Amino acid sequence: MTAFDRLARPVQKWIRGQGWRELRDIQVRAADAILGRDADVIIAAATAGGKTEAAFLPLLSDVFDRPSDVGGFDLLYIGPLKALITDQAARLTMICDEAELPVTPWHGDIAQSSKARAIKAPRGVLLITPESLEALFVRRGAEIPRLFAATRAVVLDEMHTMLDSERGVQTRSLLTRLDLARGRRLRRIGLSATLGDLNLARAYLQPDNPNSVHLIEADGGESELRLQLKGYTTGAEGDSSAQAQVAQELFTRLRGSDNLVFAGARGQVEFYADALRHLCERQALPQEFYPHHASLSREHRSFVEIRLKNGQLPTTAVCTSTLELGIDIGDIACVAQIGAPFTVSALRQRLGRSGRRAGVPAILRQYAIEAKIEGTSDLSDRLRLRLVRAIAMIELLLENWCEPPRTSALHLSTLVHQILSIIAERGGATAARLFRVLCREGPFRVVDPQTFGAVLRALGNPDTGLIEQAADELLLLGPAGERIVEHYSFYAVFPTPEEYRLLAGGREIGTLPVDNVLAPGMLLIFSGRRWRIVEVDDRDKVISLAPAPGGTVPIFGGDPGDIHDVVIARMFTVLTGDTVPVYLDTAAVQLLEEGRREYKRLGFYRTKIVDQALGAWIVATQTGTAVTTTLALALQSQGFKVQAYDGFLELSHDEADLRSVLQKLADGEMDKIIPRDAILSFEKFHPHLTRDLLIQDALSSRLKADMLTRLCHDLLTK
DNA sequence: GACCTGCTGCGGTTTG
């Protein structure tokens, strides 16, 4: 029997209605893996590869052919974006309509009436965000068994975004809690674009038995890649002529087709969008370059997305990672990347947006901007580290490498969140039960009983007041805990900064972080246009704008990203090598040679520690952000002044000698490596933990203390 | 030296 024959009648009818000649390869393989078996499945294929159908055609067939006799949702889908859920729900409704099976999208923008209907008579497919599922546990904990008693499988969309994140840990915890509430494990089906390490993805679904997860990967189909890296040099400091040249190049190359330009930061997006608009206006050409980032209004972003998807008018979105994943935006001619990104996986994901049709090459235009060398130029400029990183990332991309998730992280902030959530779900819980659910069966397996006890004590501290113990050992929410859990902002595990709302002509055009110092009369570039600030309302955090002829780009802030050890190691291979990649233009070749010359001149080809002057050194750690930052903190706590770069530290000290301090570190003679004033609170629930716990959390995720002695030993001997 | 994601229940008012 063919895969098609095994599908239910309504599903076959829908497939014929689509005019499909045959099922795609992954759809056939998914049908085989899903129908009549019960193993977990991962379906990995590029965007628009028919993954959703591959999972749902067999899953729905099972629901149609063997309807359940108890109430409850038949299938659960968890997606990371509201827009994705709305999109997928519309697609599934077409398949389910015929058989009158309800499809319920559920997120913050869905009307309460439709949610109430679904709760009253749960059936069919529920598509939900992690946050809304969290809210169901907190607000309707007692009803969870009824709602999901009959559920046959959960589909996890865009699974690669979940592997290493707080949100991914939250989702895994919710699934464990769902299993326990039902008294039966729910089958997991993961959908993903290209995954770096498939075994880690399997372990995400089944930590105890990763090999039992059935893997379906779309074979080959990798289209040809056309690649170019162009180098640019700025003039004196504060000069933006190189950026203007890149804008001119983008204008010439991209006009007339659909493209994505990843500019790296929201401020940069605004700069290039403004420059490109200006170039169009000067030549009296219609506008086709639009900014796209998270601070712009939903309305503006939808406008750009729809323009891209329609394919009627040529459209280039200058964007941040907002357009890395999510809804289908149609065929893209080329992906441009200004400056190197922080991860190879982001680069790969971005490139996946181009050249998706068979026979059409994917095109990557990479731009590297370096500063003119002056007396005051820093190490990063002199070694041309931006260009070098861009090359290292492209090389690793071509080798199909990408960053693995860090599985040792404790995720203590999310652990606090889940402790509060379980207590709210059940109206109370014992410490033993919390530990069993979260740390033995759930995702917090690297948290040992001692650490878990310390977390509970921190939350139970009368000054914190998040939880308290009743006479029968039951843990309950304290007054502060109740306040936090009752507020709707509780459901997300990630923090949200405070922002101004920007109004123009009475309409909201976006938001700005409050750390911008803004006053009436100041000029602003925002949403690809120029404005004058009319009024700042500090109480309600509202700023009114009027059109203006000039402006400057605002500050959006942000934290520096972590660069992996493998990327830094490759940067050193590039710096010490003498081959010139074929995809570099003349200016980039010139810049690479300048960087390599400077590396030799500093003397790094024979040592890793270079003496600059009395009490000043440059150290080539040759390690990623986590290890390099660990050494930087350890030296800071010994009174060193430290400046960190990709794989390098610039150090100075009035009295101490670097080599003898490194020797002490290499011998493991120092236990205090975190300075007293180090900032350790980054995640949403970190403020409720003790400093010792924050240090433990940082050491498990952002730092690497276990590598420190070896690094110091290496620095002294090589 | 960065980016992104998400959100309930209730009381009041308006409209058909």
Side-chain angles (χ1 to χ4, degrees), chain A residues 78-86 106-113 115-116 119 128-141 157-158 160-162 164-171 174 262-269 291-296 298 301 318-327 337-343 345-347 349-350 369 371 378-381 385-386 389 414 417 421 424 484-497 511 513 555-563 567-568 624-625 628-629 632 643-648 682-684:
Chain A
I78 302 179
L81 305 171
K82 290 187 288 190
L84 194 59
I85 284 175
T86 307
W106 185 305
H107 54 67
D109 298 345
I110 300 290
Q112 271 191 38
S113 52
K115 293 178 183 171
I119 289 282
I128 196 164
T129 59
E131 287 73 18
S132 285
L133 185 57
E134 183 81 55
L136 278 180
F137 271 94
V138 172
R139 304 270 169 191
R140 303 175 181 273
D157 206 354
E158 304 278 14
H160 57 284
T161 64
M162 296 292 208
D164 204 15
S165 65
E166 298 301 320
R167 223 174 164 204
V169 173
Q170 173 190 28
T171 304
L174 290 170
F262 289 95
R266 285 169 286 178
Q268 292 295 302
V269 166
H292 193 286
H293 57 74
S295 297
L296 297 172
R298 187 62 249 171
R301 286 166 63 179
V318 187
C319 59
T320 56
S321 49
T322 39
L323 288 178
E324 234 172 71
L325 53 97
I327 59 159
Q337 170 73 43
I338 306 174
F342 287 92
T343 62
S345 47
L347 187 60
Q349 189 72 30
R350 290 169 188 185
I369 298 177
D378 70 15
L379 188 69
S380 169
D381 286 337
L385 291 186
R386 276 174 289 262
R389 191 165 96 220
T414 302
H417 182 260
S421 175
I484 291 179
V485 172
E486 271 168 22
H487 196 265
Y488 65 73
S489 61
F490 174 70
Y491 311 118
V493 288
F494 48 86
T496 339
T511 59
I555 298 157
F556 288 96
D559 335 297
D562 273 7
I563 310 220
V567 175
I568 301 286
T625 314
T628 301
T629 309
Q643 177 69 49
Y645 305 95
D646 285 1
F648 291 93
F682 303 99
E683 306 290 347
K684 187 169 174 184

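Only a predicted model underlies this, so the values are computations on that prediction, with no experimental measurement involved.
- The residue A/Ile563 sits close to a base: some heavy atom pair falls under 4.0 Å.
- For the ring-ring contact (aromatic ring centres under 6.0 Å, His included) test, no residue two or more places apart in sequence or in another chain qualifies with A/His292.
- For the ring-ring contact (aromatic ring centres under 6.0 Å, His included) test, no residue two or more places apart in sequence or in another chain qualifies with A/Tyr491.
- For A/Phe490, the ring-ring contact (aromatic ring centres under 6.0 Å, His included) partners at least two apart in sequence or on another chain are A/His417.
- Smallest separation of non-hydrogen atoms from A/Thr625 and A/Ile563: OG1-N, 2.6 Å.
- For A/Phe342, there are no ring-ring contact (aromatic ring centres under 6.0 Å, His included) partners, not counting sequence neighbours.
- Evaluation of the salt bridge (charged side-chain N to carboxylate O under 4.0 Å, His left out) rule for A/Asp157 yields no partner, not counting sequence neighbours.
- Partners of A/Asp164 under the salt bridge (charged side-chain N to carboxylate O under 4.0 Å, His left out) rule, at least two apart in sequence or in another chain, do not exist in this structure.
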Check the interface with nucleotides 13-15 of chain B: list each N/O to N/O pair with the protein under 3.5 Å, or write none.
none

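- Evaluation of the side-chain hydrogen bond (donor to acceptor under 3.5 Å, both in side chains) rule for A/Ser165 yields no partner, not counting sequence neighbours.
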| said: Output one letter per nucleotide in nucleotides 3-9 of chain B: B when a protein non-hydrogen atom lies under 4.0 Å from the base, S when only the sugar-phosphate is that close, - when neither is. | reply: BSBBBBB
